[in-house]
Asks: 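Pasting in a structure now, in structure tokens, and then I'll have a few things to ask.
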Amino acid sequence: MNREKLIKMAGAVRTGGKGSVRRKKKAVHKTTTTDDKRLQSTLKRIGVNTIPAIEEVNIFQDDVVIQFINPKVQASIAANTWVVSGSPQTKKLQDILPGIINQLGPDNLENLRKLAEQFGQQAPTKANTNANADVSKPQEEDDDDDVPELVEGETFEAVAEEGHAS
């Protein structure tokens, strides 16, 4: 090896000026564990308490919902601090809508109206395409799912009283 190449390699790992000791290998810092420990110590200082038995946490942002399934939830009411830990899933509001209608607040009412308008616009176009496609085919009647017609003059109460009388 030539002298210039050795000087260049030695200069790349020198920590101080001329005459200082050369560092043998670069130190690798693990910041993830120290950040987690620092966060946990800060939360302990605030005085958070774990809230057990929470199955799901939904955070609403416009048309997007950040959903945590079985998260670890910690809270400090005095510090107005809530900590939700777990693996998040980002979903669209219409994908999880039927199950979360009771969780929607007044601030999400406008988003719900927009979704209703979108579904209203999509439904007539689908109905028109289905009607055009099925013109040649006669539709089958499913009487099994229909509610039977009531017989005039008969009520459920009258039938029940006749059953008790006999």
Side-chain angles (χ1 to χ4, degrees), residues 1-131 133 142 144-147 156-157 160:
M1 295 183 108
N2 61 12
R3 183 172 166 81
E4 293 172 16
K5 193 172 182 182
L6 285 173
I7 293 173
K8 186 178 180 183
M9 285 174 49
V13 293
R14 188 177 301 269
T15 56
K18 186 176 180 180
S20 64
V21 178
R22 182 169 66 103
R23 183 170 49 175
K24 299 284 191 282
K25 64 178 181 178
K26 188 176 180 181
V28 178
H29 297 289
K30 295 182 180 178
T31 58
T32 56
T33 57
T34 57
D35 288 345
D36 190 39
K37 288 179 184 178
R38 188 181 295 167
L39 176 65
Q40 291 300 325
S41 65
T42 304
L43 291 175
K44 190 181 288 185
R45 194 172 349 125
I46 291 174
V48 295
N49 296 322
T50 302
I51 301 174
I54 293 185
E55 297 174 3
E56 179 182 68
V57 172
N58 294 321
I59 300 173
F60 299 97
Q61 295 178 339
D62 297 329
D63 292 344
V64 178
V65 179
I66 301 172
Q67 186 177 42
F68 294 86
I69 306 294
N70 293 324
K72 178 182 176 185
V73 179
Q74 299 171 314
S76 173
I77 305 297
N80 195 20
T81 303
W82 295 80
V83 180
V84 179
S85 305
S87 57
Q89 297 174 348
T90 304
K91 298 182 178 180
K92 291 185 177 181
L93 185 59
Q94 60 261 24
D95 294 343
I96 59 174
L97 190 61
I100 61 163
I101 288 180
N102 58 351
Q103 298 175 8
L104 294 176
D107 53 341
N108 288 336
L109 192 58
E110 187 62 33
N111 291 334
L112 192 59
R113 285 183 187 154
K114 289 178 186 175
L115 284 174
E117 290 174 5
Q118 288 176 357
F119 285 132
Q121 292 172 356
Q122 290 175 357
T125 57
K126 286 183 182 177
N128 290 340
T129 57
N130 289 342
D142 291 329
D144 298 338
D145 296 335
D146 293 339
V147 176
F156 292 112
E157 290 84 15

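One is the number of the first residue; the rest follow in order along the sequence.
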Asks: Between CG of L39 and CG of L43, what distance do you get to the nearest 0.5 Å?
Replies: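 Reported value, rounded in 0.5 Å steps: 4.5 Å.
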
Asks: Could you state the interatomic distance from CD1 (I66) to NZ (K91), rounded to the nearest 0.5 Å?
Replies: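 The distance works out to 12.5 Å.
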
Asks: To check you understand the geometry: which heavy-atom pair defines the closest contact between G86 and F68, and what is its length?
Replies: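 So the two residues come closest at O-CE2, 3.8 Å.
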
Asks: Identify every side-chain donor-acceptor pair in residues 69-82 under 3.5 Å, counting partners at least two apart or on other chains, and give the distances.
Replies:
unit_1 : atom_1 : unit_2 : atom_2 : d
S76    : OG     : A79    : N      : 3.4
T81    : OG1    : A79    : O      : 3.0

